S.K.: 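Take this structure, written in C-alpha cells, and hold onto it; I'll ask about it next.
No experiment lies behind these values; they were computed from the predicted model shown. Below, chains carry the letters A, B, ... as their sequence lines are ordered, and counting in each starts from 1.
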Number of protein chains: 2
Amino acid sequence: MINTQDSLRQFKAEFFQALAHPTRIAIVEQLRNGELSAGALIERLGIEQANASQHLAVLRAKNIVINRKTRNQVFYSVRHPLIIEVLDIMRRYFHAHMSEMVATLKAIDKVEKIRK
Amino acid sequence: MINTQDSLRQFKAEFFQALAHPTRIAIVEQLRNGELSAGALIERLGIEQANASQHLAVLRAKNIVINRKTRNQVFYSVRHPLIIEVLDIMRRYFHAHMSEMVATLKAIDKVEKIRK
DNA sequence: CAACAATATTCGAAATCTCTTATATAGTAA
DNA sequence: TTACTATATAAGAGATTTCGAATATTGTTG
C-alpha cells in the first residue's frame with residue numbers, strides 16, 4: 001500500500017540523490033547567478049564533455065535544472081530558487097559543522113599536550 | 001590539487017547521499033520532535049531490524065544523527081536543527097513542484113478535451 | 001552462570017552509479 | 001553535399017549501495 005507520505009519521501013530521496021555528487025553540486029552552484037551553456041559549464045568545471053552531459057541529464061531528469069536550446073548551444077539554469085536556498089542552508093550547516101570539528105580537534109590537541 | 005571549494009562540495013554531496021533514501025528520510029522525520037530508541041523507530045517504520053540498523057549507521061557516519069546508550073537501548077536524535085530546516089525547505093519545494101505538476105496535468109487535460 | 005532483549009556487524013547477491021570510450025544527433029558554415 | 005561545432009546517448013567495466021539472513025555484541029535478569 002503506497003501513500004502520500006511514501007511518495008513524498010521517495011521524491012525527497014530522489015532529489016537528494018540527484019544532488020549527491022560533487023560535480024552536480026558544482027554545476028548547480030555555477031548556475032547560481034543565471035544560465036550558462038553546457039560548453040561554459042564544461043570549461044569552468046574542467047571535466048569531460050560526456051561526463052558533464054550525463055550529470056546534466058541526471059539534474060534534468062529530476063527537474064533541478066531546465067534547458068533552452070538556441071542555435072547549436074544548450075543553456076542550462078536552475079529551475080527553482082528553493083534549490084539555491086537548500087544549498088545555502090547547507091553552507092551554513094557546513095560552517096556550523098566545521099566549527100564543531102575544529103573545536104573537537106582543539107580539545108583533543110589539548111588532551112595530547114597535557115599527556116606529555 | 002584539492003581546495004576548500006572541492007572539500008565543501010564533497011561534504012555536501014556526502015550529506016545529500018546520506019539522505020538519498022526514503023527510509024533514512026523517514027528516520028530523520030520521525031526524530032523531528034525528539035529522540036527515539038532504535039526499537040521505536042523500527043516499530044514505526046515497519047522495517048527489518050538489520051536494515052534499520054544499517055540505515056542508522058549511514059546517518060551516524062555522516063553525523064546526521066547522534067545516539068545515546070542507556071541500559072540496553074540506544075536513543076537516536078537529529079544532531080543539528082539545520083537538518084530539519086533542510087527537510088522543511090524540501091517540503092516547500094515539493095509543494096511548489098506539485099502545484100506545477102498539477103497545473104501541467106490540467107493543461108494537458110484541457111488540450112485533450114479540446115481535441116475531442 | 002545461562003537465557004534473553006536490544007542493537008550492530010558481516011556476508012553475499014542484486015541493483016544502481018560513475019567513469020571512459022565510442023558513436024549519434026542537430027545546427028551551422030563552406 | 002561535406003566538414004565542423006556543440007551536445008547527447010550507448011555500452012561496458014568497476015565501484016558503491018541495498019537488502020535479507022546469519023551472527024556478534026552488550027546489557028539485563030533470573
Side-chain angles (χ1 to χ4, degrees), chain A residues 2 6 9-28 30-31 34-79, chain B residues 2 6 9-28 30-31 34-79:
Chain A
I2 298 167
D6 289 341
R9 284 183 192 130
Q10 183 65 41
F11 173 83
K12 286 178 184 174
E14 286 178 15
F15 175 88
F16 285 130
Q17 178 58 47
L19 287 177
H21 194 287
T23 301
R24 293 197 290 270
I25 289 176
I27 289 173
V28 174
Q30 287 291 336
L31 298 178
E35 69 177 14
L36 284 175
S37 69
L41 282 170
I42 289 163
E43 192 185 354
R44 290 177 187 219
L45 302 182
I47 57 178
E48 289 289 323
Q49 183 271 320
N51 194 5
S53 204
Q54 284 165 345
H55 283 303
L56 284 169
V58 171
L59 293 173
R60 253 187 289 126
K62 295 297 153 49
N63 285 302
I64 289 171
V65 301
I66 53 177
N67 61 2
R68 175 176 75 80
K69 299 176 192 191
T70 301
R71 314 204 57 174
N72 61 344
Q73 279 186 303
V74 180
F75 291 90
Y76 281 89
S77 54
V78 176
R79 200 184 78 105
Chain B
I2 298 168
D6 288 341
R9 283 183 193 129
Q10 183 63 42
F11 173 82
K12 286 179 183 174
E14 285 178 16
F15 175 87
F16 285 131
Q17 178 56 47
L19 287 176
H21 194 287
T23 301
R24 293 197 290 270
I25 288 176
I27 289 173
V28 174
Q30 287 292 336
L31 298 178
E35 69 176 14
L36 285 175
S37 70
L41 282 169
I42 289 162
E43 191 184 356
R44 290 178 187 217
L45 302 182
I47 57 179
E48 289 290 322
Q49 183 270 322
N51 194 6
S53 204
Q54 286 165 344
H55 283 303
L56 285 169
V58 172
L59 293 173
R60 252 187 291 126
K62 295 295 154 49
N63 286 302
I64 287 172
V65 301
I66 52 177
N67 61 2
R68 175 176 74 80
K69 299 178 193 192
T70 301
R71 313 208 57 177
N72 61 345
Q73 278 187 303
V74 180
F75 291 90
Y76 281 89
S77 53
V78 176
R79 201 185 78 105

S.K.: I want to verify a distance call: between C:dA6, D:dT7, D:dT9, whose nearest atom is closest to the B:Gln73 side chain?
M.R.: C:dA6

S.K.: Separation of A:Leu56 atom CG from C:dC19 atom P, in whole Å?
M.R.: 13 Å

S.K.: Is the phosphate of C:dG27, meaning OP1 or OP2, less than 4.0 Å from a side-chain N or O of A:Arg71?
M.R.: no

S.K.: Under a 4.5 Å cut-off applied to non-hydrogen side-chain atoms, are A:Asn51 and A:Gln54 in contact?
M.R.: yes

S.K.: Taking only N and O in the side chain of B:Asn72, is any of them less than 4.0 Å away from OP1 or OP2 of C:dA5?
M.R.: no

S.K.: With DNA chain D as reference, determine whether A:Ser37 or B:Asn51 sits nearer its 5' end, using the nearest nucleotide of each.
M.R.: A:Ser37

S.K.: Rounded to whole Å, please give me the gap between CZ in A:Arg68 and C1' in C:dA26.
M.R.: 17 Å

S.K.: Quickly, which of B:Ile66, B:Val65, B:Leu36 forms a side chain to side chain contact (heavy atoms under 4.5 Å, CB included) with B:Ser77? Name it, please.
M.R.: B:Ile66

S.K.: Would you indicate what A:Ala50 reaches in the nucleic acid, counting non-hydrogen atoms under 4.0 angstrom: base, sugar-phosphate, or nothing?
M.R.: base

S.K.: Whole-Å distance between D:dT17 P and B:Glu14 CD?
M.R.: 9 Å

S.K.: So if I take every side-chain heavy atom of B:Val74 and compare against D:dT17, C:dA8, D:dT7, which nucleotide ends up nearest?
M.R.: C:dA8

S.K.: Between P on D:dT28 and NZ on B:Lys69, what's the gap in Å once rounded to a whole number?
M.R.: 13 Å

S.K.: Grab the CG-P distance between A:Leu41 and D:dA6 for me, whole Å please.
M.R.: 14 Å

S.K.: Looking across every strand, which nucleic acid part, if any, lies under 4.0 Å from A:Phe75 by heavy atom: base, sugar-phosphate, or nothing?
M.R.: nothing

S.K.: Have a look at A:Glu48 and say if it touches a base, only the backbone sugar-phosphate, or nothing, with a 4.0 Å heavy-atom cut-off.
M.R.: sugar-phosphate

S.K.: Check the orientation of A:Phe16 and B:Phe15. Use parallel for under 30°, tilted for 30 to 60°, and perpendicular for over 60°.
M.R.: perpendicular

S.K.: Do other residues, nucleotides or ligands put more than 12 heavy atoms under 6.0 Å from B:Glu43 CD?
M.R.: no

S.K.: Quick one: on DNA chain C, does A:Gln17 or A:Thr70 contact a more 5' nucleotide (nearest heavy atom)?
M.R.: A:Gln17

S.K.: Please state how far atom CD in A:Gln49 lies from atom C1' in D:dA8, giving the value in whole angstrom units.
M.R.: 7 Å

S.K.: Could you check whether any side-chain heavy atom of B:Lys62 comes within less than 4.5 Å of a side-chain heavy atom of B:Arg79, counting everything from C-beta outward?
M.R.: no

S.K.: Give the rounded distance in Å between these two atoms: CD of B:Gln54 and C1' of C:dA14.
M.R.: 14 Å

S.K.: Is there a side-chain contact between A:His55 and the phosphate of C:dC19, meaning an N or O under 4.0 Å from OP1 or OP2?
M.R.: yes

S.K.: Is B:Tyr76 close enough to C:dA8 that one of its side-chain N or O atoms is under 4.0 Å from OP1 or OP2 there?
M.R.: yes

S.K.: Just how far, in rounded Å, is P of D:dT16 from CD of B:Gln10?
M.R.: 12 Å

